Amino acid sequence: MKSEECTTSEKTAYEKVSLYLVATPIGNLEDITYRAVDVLRNVDMIACEDTRNTVILLNRYEIKNRLISFHEYSDRDKLEKLIAFMKEGNTLALVSDAGTPGISDPGYPLVKACLEEGLKVSSVPGPCAAVAALPMSGIDTRRFVFEGFIPRDKTRASVLKRICGRTDTQVIYESPHHLLETLTELSAVIPERKIAVIRELTKIHEESLLTTVLKARDHFLTVKPRGEFVLVLEGAEEKDDAPDEEAALLWLKKAMDEGITGKDAVRELQERFFLSKNAAKALVLKLKEEKGE
Ligand code: SAM
């Protein structure tokens, strides 16, 4: 970055950064931060997925800068050239077609290579479809897992199984072509689970449908899915993992009839039934009293 063009805060806090991960709009071109524009103007080069997409954004903000394509299929040579460019003291901004680079988008290999080479990486935060969808979904936001795209290879069945069993809210990316298939697969296992199907975030046709998995499937049987989708799926009900005192009591009665010592009983209760030491002692005492010992 040309230092004379930096803002004061950037001079102090971001001077040594080599790679900026710059989030860009996910639909509405107004969704970009002042800092993102500043960084895109002032870095020595911008690496982007598709230059035709990024040019639209750059034109909108009158940003003139060098663009180089860097995408999922870029080879190792390309990555090494970018690393060499930064090692010469140049700064690079990485953007994806939309949203936050590295989130279901290229970024990770370049970030990893930078860190291995001791080059500083920094985020210029902004839009991300998952983060935009979750808080407006109406589904519990306290704990969530970002699942991204559900793979379409041989691991799909086990990933779907994991998704159905997780107790945290999950955020899933889906294309319009595969939405119905995914909802059908989920509805076979968790038809009554709450789901928000959110499409076209920040765009004119933005919509959110909060319903059950089965009803969402039925909806898209008749309405053709169009646009980009995020699914926010409610977590499975938390299982009651509290220690099973009833089972512990039954076991203890039998063990005491067979002559187990109090000390051993306490240890066994802790190990077998995950009781605390105090709870185990109290149970042993209770039974001893009942037996008149
Ligand atoms: N890096 C992006 C981000 O930060 O969200 C995600 C890129 S990923 C290749 C594209 C997927 O993100 C889409 O298939 C869709 O699931 C989701 N997505 C992106 N923009 C969206 C939008 N405006 N509305 C709904 N979903 C969107």
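Read the numbers this way: they start at 1 and go in the same order the structure lists the ligands and their atoms. On a predicted model such as this, the values are computed, not experimentally measured, just so you know.
Side-chain atoms of Arg217 and Thr211 form no donor-acceptor pair, as typed in the model, at a separation below 3.5 Å. In summary, the side chains of Ser276 and Asn278 do not present any donor paired with an acceptor at a separation below 3.5 Å, with no hydrogens or angles considered.
Pairs engaging residues 136-152 under the salt bridge (charged side-chain N to carboxylate O under 4.0 Å, His left out) rule: Asp140-Arg142, Arg143-Asp168, Arg143-Glu238, Glu147-Arg162, Glu147-Arg166, Arg152-Glu181 [sequence neighbours left out].
Contact between Met136 and Leu201 at its shortest, heavy atoms only, is SD-CD2, 3.6 Å.
Among residues two or more places apart in sequence or in another chain, the salt bridge (charged side-chain N to carboxylate O under 4.0 Å, His left out) test is passed with Glu258 by Lys254. In this structure, Glu49 has no salt bridge (charged side-chain N to carboxylate O under 4.0 Å, His left out) partners at least two apart in sequence or on a different chain.
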Which pairs of N or O atoms, one from ligand 1 and one from the protein, are separated by less than 3.5 Å, and what is the distance for each pair?
residue: ligand 1; atom: 1 (N); partner: Ala98; partner atom: O; Å: 3.2
residue: ligand 1; atom: 1 (N); partner: Thr100; partner atom: O; Å: 3.0
residue: ligand 1; atom: 1 (N); partner: Ile103; partner atom: O; Å: 2.8
residue: ligand 1; atom: 1 (N); partner: Asp105; partner atom: OD2; Å: 2.8
residue: ligand 1; atom: 4 (O); partner: Thr100; partner atom: N; Å: 2.8
residue: ligand 1; atom: 5 (O); partner: Ala129; partner atom: N; Å: 2.8
residue: ligand 1; atom: 5 (O); partner: Tyr173; partner atom: OH; Å: 2.6
residue: ligand 1; atom: 16 (O); partner: Glu174; partner atom: N; Å: 3.4
residue: ligand 1; atom: 16 (O); partner: Phe229; partner atom: O; Å: 2.6
residue: ligand 1; atom: 20 (N); partner: Glu228; partner atom: OE1; Å: 3.4
residue: ligand 1; atom: 23 (N); partner: Ile26; partner atom: O; Å: 2.8
residue: ligand 1; atom: 23 (N); partner: Leu201; partner atom: N; Å: 3.4
residue: ligand 1; atom: 23 (N); partner: Leu201; partner atom: O; Å: 3.0
residue: ligand 1; atom: 24 (N); partner: Leu201; partner atom: N; Å: 2.8

